[in-house]
Protein chains: 2
Amino acid sequence: MRGDSQKATLQQVARAAGVSLKTASRVLNHEPHVKPTTELLVRGAMERLAYQPNDLARSLKARHSGVIGVVVPFLSHYFVAACVQAIHHEVERSHATIMLTVSSGDPVAEALHIRVLLRRQVEGLIILPTSGHLQPESVAETIGTPVVVIDQPAPTLEMDSVTIPNRLAAREAVRHLIGHGYKRIIAIGANRNLHTISERLVGYREAMRRQGLKPLDLVANTENELSIESIQKAFVRSTKTPQAVFALNSAACIKTLHAMKHCRLRIPEDVALLGFDDFDTAEAFQPSISVISQPTEEIGRRAVELLFKRIQKHNKRAGQRLVLATDLLLRGSCGCGKPQHR
Amino acid sequence: MRGDSQKATLQQVARAAGVSLKTASRVLNHEPHVKPTTELLVRGAMERLAYQPNDLARSLKARHSGVIGVVVPFLSHYFVAACVQAIHHEVERSHATIMLTVSSGDPVAEALHIRVLLRRQVEGLIILPTSGHLQPESVAETIGTPVVVIDQPAPTLEMDSVTIPNRLAAREAVRHLIGHGYKRIIAIGANRNLHTISERLVGYREAMRRQGLKPLDLVANTENELSIESIQKAFVRSTKTPQAVFALNSAACIKTLHAMKHCRLRIPEDVALLGFDDFDTAEAFQPSISVISQPTEEIGRRAVELLFKRIQKHNKRAGQRLVLATDLLLRGSCGCGKPQHR
DNA sequence: TTGAAAGCGTTACCAA
DNA sequence: TTGGTAACGCTTTCAA
């Protein structure tokens, strides 16, 4: 609220209070050995000058910034947004702050972002990788800075990871579909390079083969390449229309819904649907969309916990690969009885 | 890639290269007047020591951090996530970074976050307010730091804002519904305190009154208080079921879809629907959901542009209140012909 | 073309 | 209970 625009420094506070810089610093940090009278003097000066500490200088001196870098591919994906929100929530509890970067699915940008964050002296990094495997070069640079990877097992012992059993969850979900009597089940998604996608695909195939069914998939190279038209073609292509779709992530699931609408296919009567990753409108559809749900809140929390442990123990630990359980939410779209009807 | 874990400093680089600190600094910053031979010497040392500049120290000295603070209420709202992504994209072009905070709809947390970001010496702040009006106290602290507000007109001349004509857009949308012949149209949403919500509500009422219709609304105090059950009650409450719903934001729209499903109401035959704010699954529903769409990409871009202008010109400008046009996307749910059918 | 020295705003080690 | 003084890692006069 000062008229003069320049920000007050602790030095100025000290002068205004008629004490030394160090004494003002002591008051600021609630250190002991300050005479109450002096403290009042200093606090008064701080008040008058509307003093605000400069955390940049503080961090430089203290050698830790209180900043965590968060690297994600997209923010428009519900799962990612929910994770970031959970991460923020947990980081905040430790009075730290988040620096966020969004790579838009570009591994080169991702590598650049990691470097930028390291220069900014983040104390740790939480990465949701955008490409199949984190670029080794990117990772090399992080030596000395703790890293937690989400969605992909930690590539080195220097890092921790928080993942889910993608393959297992996919297998069980597909087995569930098979249990409904569907034989022609197609997996739909994009980006085989991604660890999550490839594992889910493997799980799908395992489930199919074990039941003597022929795996069939439509997996585009990138998210953008998976068009609604291409999905429609998969529906009308052969004489044998798929009886069910296993969507490899929520984006694919939504596009499939889109395509099914265009083809006027009823769910689950004409084609059943089960997707990986929950999304905000899943229960608003008629019928509700069955999904494999990840514990986003816990993923974020555990990632931050692991990171802080590393930061404190200064890398004196072996890498941890945490695997959290998923939840198969059977709603209506997979062919299950319609629980949404009272 | 060094074996020793401590990070190299420019000082060490200089020593290793056998030059002075300043010379190393000159090389680092591509300053002229460095003998090519010397430059090579320094670059070699940098390479060997895997030198990475410390942006904290740099910022402290240079007195600008290259960091923009972004304050949002939720990340799980599609509109917000899209805005943040757009902001990041534009900020990145200026080689700056984003510090993100999420208030979870708590004005007290929001005020705290603003203070934290200021202490961290952000060069500017982009705020999507969580409460009706930004807490004056929060804003007071920002004096000297440029602020751009999204979704709400700048409360003071010290700030800029990027908004949309909420009232007008709502009015036109409701008029469109009325044009379809609906008479009993109900507005559904939450948080009257929010500038966006209250303006949209006013627009709705104006449109209704001008046509001699009686406004009717269901507006909960907070997002969480707007339950699906309460919406269902609105549908069955009176003998006069609403003929159409005007949802005040996407969260309300999704909950309405949910409620309509439970009540087995067909869209638009039983009840038509038009919502404020687009969302990722809007076109996947049958019929597609008609919405008023905000230009998120442009909102983010313009917000950053305004902010950087202020940062450069050092507040020598009057506050700008940018108002960007919305788009009324008539899909199927409002009762329009069904363009989604080929 | 190069370098010594003084800061940026804090914190921390010793004395007083 | 206090206060010099030296860092933190970098940039920036001003000389040489």
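Within every chain, numbering begins at 1; the chains are lettered A, B, ... in the order of the sequence lines, protein sequences first and strands thereafter. None of the values given here were measured: they were computed from a predicted structure.
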**Student:** Are the side chain of E90(A) and the backbone of V304(A) linked by a donor-acceptor contact shorter than 3.5 Å?
**Tutor:**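 Here the side-chain-to-backbone pair does not exist.
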
**Student:** Check step by step if side chain to side chain contact (heavy atoms under 4.5 Å, CB included) holds for V122(B) and I68(B).
**Tutor:** CA-CA 5 Å; V122(B) 295; I68(B) 299 300; over 6 Å; no

**Student:** Distance check needed: dG9(D) P versus H64(A) NE2, whole Å only.
**Tutor:**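 So the NE2-P distance, H64(A) to dG9(D), works out to 14 Å.
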
**Student:** R15(A) has an atom CZ; how far is it from atom P of dT2(D), in whole Å?
**Tutor:**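 Answer to the nearest Å: 19 Å.
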
**Student:** Could you walk me through whether K7(A) and T145(B) satisfy the side chain to side chain contact (heavy atoms under 4.5 Å, CB included) test, starting with their C-alpha distance in whole Å, then the side-chain angles of each, then the deciding distance to 0.1 Å, before giving a yes or no?
**Tutor:** CA-CA 10 Å; K7(A) 285 170 195 160; T145(B) 304; 4.2 Å; yes

**Student:** Does a donor on one side chain and an acceptor on the other come within less than 3.5 Å for T97(A) and R120(B)?
**Tutor:**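 The answer is yes; a qualifying pair exists.
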
**Student:** Roughly how many Å is it from CZ in R119(A) to P in dG9(D), rounded to a whole number?
**Tutor:**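 After rounding, the reported distance stands at 16 Å.
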
**Student:** Walk along nucleotides 2-12 of chain C from 5' to 3' and tag each nucleotide B, S or - by protein heavy-atom contact under 4.0 Å, base first, then sugar-phosphate.
**Tutor:** BBB--BBBBBB

**Student:** Decide yes or no on salt bridge (charged side-chain N to carboxylate O under 4.0 Å, His left out) for K35(A) and E39(A), but give the supporting numbers first.
**Tutor:** CA-CA 6 Å; K35(A) 195 164 66 180; E39(A) 168 154 7; over 6 Å; no

